[in-house]
Amino acid sequence: MEHKDYRAINKPVRKKDSMQLLLGKPVYTDDITPRDALVVKLLRSPHANAIVQEIDTSLAGKVPGVAAIYTWQDVPQRRFTIAGQTYPEPSPYDRLILDRHVRFAGDAVAIIAAETEKAALKAMRLIKVKYEVLEAVLDFRTAKDNPVLVHPEEDWYPPCPVGGDNRRNLVASEVNGDGDVEAVLAGCDIVLDRTYHTRAFNQAMMETFRTYTELDRYGRLHVISSTQIVFHVRRILSQALGLPKSRIRVEKPRIGGGFGAKQTAVCEVYPAFVTMQTGRPAKLIYTREEAQIAGSPRHEMEVRIRLGADNDGRIRCIDLYTLSNTGAYGEHGPTTVGLSGHKAIPLYTGGLEAYRFSYDVVYTNHQAAGAYRGYGATQGIYALETIVNELAEQLHMDPTVLRDKNMVREGMAMPAYYGEMANACALDRCMEHCRRIFHWDEKYPVRDMGNGKVRAAGVAMAMQGSCISRVDVGSATVKPSEDGTYNLIIGAADMGTGCDTILAQMAAECLDCSVDDIAVFGADTDASPYDSGSYASSTTYVTGKAVEKACAELKERICSIAAGMLGCQPEDVVFEGKRVRRIDNGESVTLEQIGYKTQVFSCEAAEATASHSSPVSPPPYMVGMAEIELDKETGLVTVLDYMAVVDCGIPINPALARVQTEGGIVQGIGHTLMEDVRYDRNGRPVGSSFLQYKLPTRLDMGHLRVEFENSYEPTGPFGAKSIGEIVINTPAPALTHAIYRATGVWHRELPILPEQIAMSKPETAE
């Protein structure tokens, strides 16, 4: 089905908040919250695994300006998870606000609340703690069934049966598949067996974690936080503090970046606890160091793949096992790992006869991992796309042609993707389009540039989802004002992605008005209709459909009110944007007249709320091609050109979709070439600032080009699928491929640093 010529959809509308941000107006959490709140600071453990034997706060408590100091003895003994996921959370309840057993270097030991930051930091230095240092589990490959238990407590609680067992350091475990893997592998001409390793990369968003809390005029806990998940934060705080949800209100202002980090309630519970204890407003702002060492980074994963193929390049079997390191706590552990297989294997549905996907998620004494754009698919796609490139090189076959033979195409069922159909799939067109404008045939051959520099190219495909099928709920409320403009109230969180603008575009399209006529509000648990939150690439697809449904319902109500005013039946009138017209005689009433009518002797509310949830999660698809120049002397990789073609259905706002894609590609470049997560032998993090943790700048990304191949997703609003996460998934395998082409060496661990490239030697052929 082709899309029509829309009024507001598929247009590069300017973001609703752009001028406020460009002019530096106060829009973020610290801008809009009072300055006289108690400053909250956290004393953190220097040990990876220890028991607090004694803690002396007497001297610290005497520092002028210190209001309170809390230790593990002062907090409720109620286990909870800080994973921002729909109830019942698959993540285990394994946290206390403060625990006597600290499980990673950076774990919270005490909460200090003071009138000033200076007083809080002085008090922190004066707290005396005596630790019993325990042996730590620092290598995730040895964690499963290790005699050292990260969570030996008796009250460890898994809300969902996901194969976890804290007595085995296991958060989740599963095996699933289709067909006889061993039999198919035995009949293949080529079987590759490879293992790939990715580190726990940090989101490094510009605005660190931060939360303000106060008691409102009704004595309720009012939370203003930089979060993607207002409703889940309310539930998490209710569980942790033992408060009924009706006594908690959570709202978010503008968010200075999240990328999934703020799908976890990293810091909200600490100031909330202070406010409930003291009755005073409290504010906690993480330093950059805290965000790096006690945040919510990507899960470190090791992915082993056995790939079976024939000499003609037909991929017949994929056996994929993922070992995931959840760190000291299990938030998002059971859910991220599934994407490493279910969002990678279906790319090769074309000739696949059998697949198996198995995984273990283990506890270690490292910083707890969480959600990060791509959410496990990034790690799985890096591994699978790299082994497919290894197969192409071994067969001496063009890797784009190899993919043409095997890729999923429109109309195919995807057994490894929960049996869903690829109803909207332009992956084949993405490949052809990318190949053409990247000039693949010219850039794929390795070119010696002299001075020890070589140019080479690499390719990768990717897919993601558009929601968590049968789980995510999006909602929207739409109501008109008397002047013919509208209020759109949402529970999804715009974190720079532009969802406020995109949802307003959809409402404007439905209501036949200008995008400027739609005022967007959200997210606030007191005012917004329930929404799972901004994650899993679900906002455009799920909340967008809720907007579409709410607008349709509102138009019916407006027509019903207008019909009463015009003395006819609702079916006798037609909605025409600024007015409602009676069909038989042309008589009409304006939206303004209808608005005022609803305020006088009216029993019919002129507003509509709709919710939407989807039984399917249509994948967006992408092809990425990278050209690099590699200096063999120093190992330095310079990205010259990155070409991406994305199928996200019908882009609601092509300008925002483009910048989303560019941002994701740059993050992927950073993961691949420079972001290095390191710990010392005692499990303490090395690289807690941006001096050591290197991020790509505008100078590191080369020439980025993004284009789109449209498909039409019948279950999405206006044919749309998601864009937010898929865009991070192709750089790692494409750059790994290009580096192999330039050096003859496959690097199977990220990041690939210059010293590793300079010191490595080509492998001998198998």
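Along the sequence shown, residues are numbered consecutively beginning with 1. Just so we're clear, the structure is a prediction, and the values are computed from it rather than from any experiment.
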By side-chain hydrogen bond (donor to acceptor under 3.5 Å, both in side chains), D516 pairs with (sequence neighbours left out) none
Distance from N202 atom CG to S296 atom OG, nearest 0.5 Å? 9.0 Å
Run the salt bridge (Lys or Arg N to Asp or Glu O under 4.0 Å) check on R234 and D524 step by step: do they pass? CA-CA 10 Å; R234 183 177 68 174; D524 183 327; over 6 Å; no
Give, for atom CD of E607 and atom CG of N487, the distance between the pair rounded to the nearest 0.5 Å. 9.5 Å
Does K283 use its side chain to pair, donor to acceptor, with the backbone of R210 at less than 3.5 Å? no
Does NZ or CZ of R288 fall inside the cone over F209's six-membered ring, less than 6.0 Å from its centre and within 45° of the axis? no
Rounded at 0.5 Å granularity, tell me how far CD in Q263 sits from CZ in R373. 14.0 Å
Is the distance between the ring centroids of Y372 and F201 under 6.0 Å? no
Residue pair V27 / L21, side-chain heavy-atom distance below 4.5 Å: yes
Test ring-ring contact (aromatic ring centres under 6.0 Å, His included) applied to F690 - qualifying residues, sequence neighbours left out: none
Smallest separation among heavy atoms of M495 and G258, with atom names: SD-CA, 4.3 Å
When every non-hydrogen atom of A492 is compared with those of S534, the smallest separation belongs to C-OG, 3.5 Å
If we ignore hydrogens and angles and just use 3.5 Å, is the side chain of K16 paired with the main-chain N or O of V515 as donor and acceptor? yes
Side-chain donor or acceptor of D99 paired with backbone N/O of V102 under 3.5 Å: no
May I ask you to decide if A8's main-chain N or O and Q505's side chain share a donor-acceptor pair within less than 3.5 Å? yes
With P529 as reference, evaluate I490, T609, T543 under the side-chain contact (heavy atoms from CB on, under 4.5 Å) test and give the passing residue. T609
C499 backbone acceptor or donor facing T539 side chain under 3.5 Å: no
Least distance between heavy atoms, L656 atom then T497 atom: CD1-O, 4.2 Å
When you measure from the side chain of R78 to the backbone N and O of Q239, does any donor-acceptor pair fall under 3.5 Å? yes
May I ask you to decide if the ring planes of H332 and Y375 are parallel, tilted or perpendicular, using 30° and 60° as cut-offs? perpendicular
Please name all residues satisfying side-chain hydrogen bond (donor to acceptor under 3.5 Å, both in side chains) with S528, sequence neighbours left out, ordered by chain then number. none
Using the salt bridge (Lys or Arg N to Asp or Glu O under 4.0 Å) rule, collect all pairs that involve residues 255-275, keeping only residues at least two apart or in two chains. E207-K262
If you count the non-hydrogen atoms of other residues, nucleotides and ligands that lie under 6.0 Å from NZ in K479, is the total more than 12? no
Counting distance only, does the side-chain N/O of H232 pair as donor-acceptor with the main-chain N or O of S532 below 3.5 Å? yes
To the nearest 0.5 Å, what is the distance between CZ on F718 and CD1 on I9? 4.5 Å
State plainly whether the residues D107 and R44 are in salt-bridge range, i.e. N to O under 4.0 Å. no
Got a donor-acceptor contact below 3.5 angstrom from the R95 side chain to the Y93 backbone? no
Looking at K25, is its backbone amide N or carbonyl O close enough to the side chain of Q20 to form a donor-acceptor pair, meaning the two atoms are under 3.5 Å apart? no
After noting the C-alpha distance and the side-chain angles of S617 and Y541, does the key distance pass the side-chain hydrogen bond (donor to acceptor under 3.5 Å, both in side chains) rule? CA-CA 9 Å; S617 177; Y541 178 72; over 6 Å; no
Please tell me if the side chains of I558 and L591 come closer than 4.5 Å, counting only heavy atoms from C-beta onward. yes
Test of understanding: with side chain to side chain contact (heavy atoms under 4.5 Å, CB included), list the residues that count as partners of M206, not counting sequence neighbours. none
Please answer whether the main-chain N or O of Q292 pairs with a side-chain N or O of Q367 as donor and acceptor at a distance below 3.5 Å. yes
NE2-OG1 distance between H299 and T378, expressed to the nearest 0.5 angstrom: 12.5 Å
Residues that W156 engages under side-chain hydrogen bond (donor to acceptor under 3.5 Å, both in side chains), provided they are two or more places apart: Y363
Of all heavy-atom pairs linking K343 and A377, the shortest is CB-CB, 3.7 Å
Find out whether V109 and L98 are in side-chain contact, i.e. whether some heavy atom of one side chain is under 4.5 Å from a heavy atom of the other. no
Tabulate below the donor-acceptor pairs under 3.5 Å that side-chain atoms of residues 466-473 make, not counting sequence neighbours, or state none.
residue	atom	partner	partner atom	Å
S466	OG	P618	O	2.6
S466	OG	S722	N	3.2
D472	OD2	I468	N	2.7

Any pair counted as salt bridge (Lys or Arg N to Asp or Glu O under 4.0 Å), so long as it reaches residues 481-499, sequence neighbours left out: R254-D494
Within this structure, what is the CE-CZ distance for the pair M19 and R14, rounded to the nearest 0.5 Å? 5.5 Å
Inspect the surroundings of CD in E604 and state if more than 12 heavy atoms from other residues, nucleotides or ligands are less than 6.0 Å away. yes
Using the rule given for side-chain hydrogen bond (donor to acceptor under 3.5 Å, both in side chains), can you reason through S537 versus E725, listing the C-alpha separation, both sets of side-chain angles and the distance that settles it, and then say yes or no? CA-CA 6 Å; S537 303; E725 291 185 279; 2.7 Å; yes
Going by ring-ring contact (aromatic ring centres under 6.0 Å, His included), name the residues that satisfy it together with F80, two or more places apart in sequence or in a different chain. none
Going by an N to O cut-off under 4.0 Å, is there a salt bridge joining R35 and D30? yes
Run the side-chain hydrogen bond (donor to acceptor under 3.5 Å, both in side chains) test on K545 and S614 for me, step by step, so that the C-alpha distance in whole Å, both residues' side-chain angles and the decisive distance to 0.1 Å come before the verdict. CA-CA 9 Å; K545 201 70 178 175; S614 176; over 6 Å; no
Between C510 and K555 the two heavy atoms that sit nearest each other are O-NZ, 2.9 Å
Would T287 and E289 count as a side-chain hydrogen bond (donor to acceptor under 3.5 Å, both in side chains) if you check the C-alpha gap in whole Å, the side-chain angles of each, and the deciding distance to 0.1 Å? CA-CA 5 Å; T287 62; E289 179 180 4; 5.1 Å; no
Counting only heavy atoms not in R217, do more than 12 fall under 6.0 Å of its CZ? no
Taking all atoms of both residues into account, what is the closest heavy-atom pair of I97 and P76, and its distance? CD1-CD, 3.8 Å
4.5 Å side-chain heavy-atom contact, T81 and P92: no
ring-ring contact (aromatic ring centres under 6.0 Å, His included) partners of Y270, counting only residues at least two apart: none
Residues passing the ring-ring contact (aromatic ring centres under 6.0 Å, His included) test with F259, sequence neighbours excluded, are none
Across all chains, not counting sequence neighbours, the salt bridge (charged side-chain N to carboxylate O under 4.0 Å, His left out) partners of E251 are R249
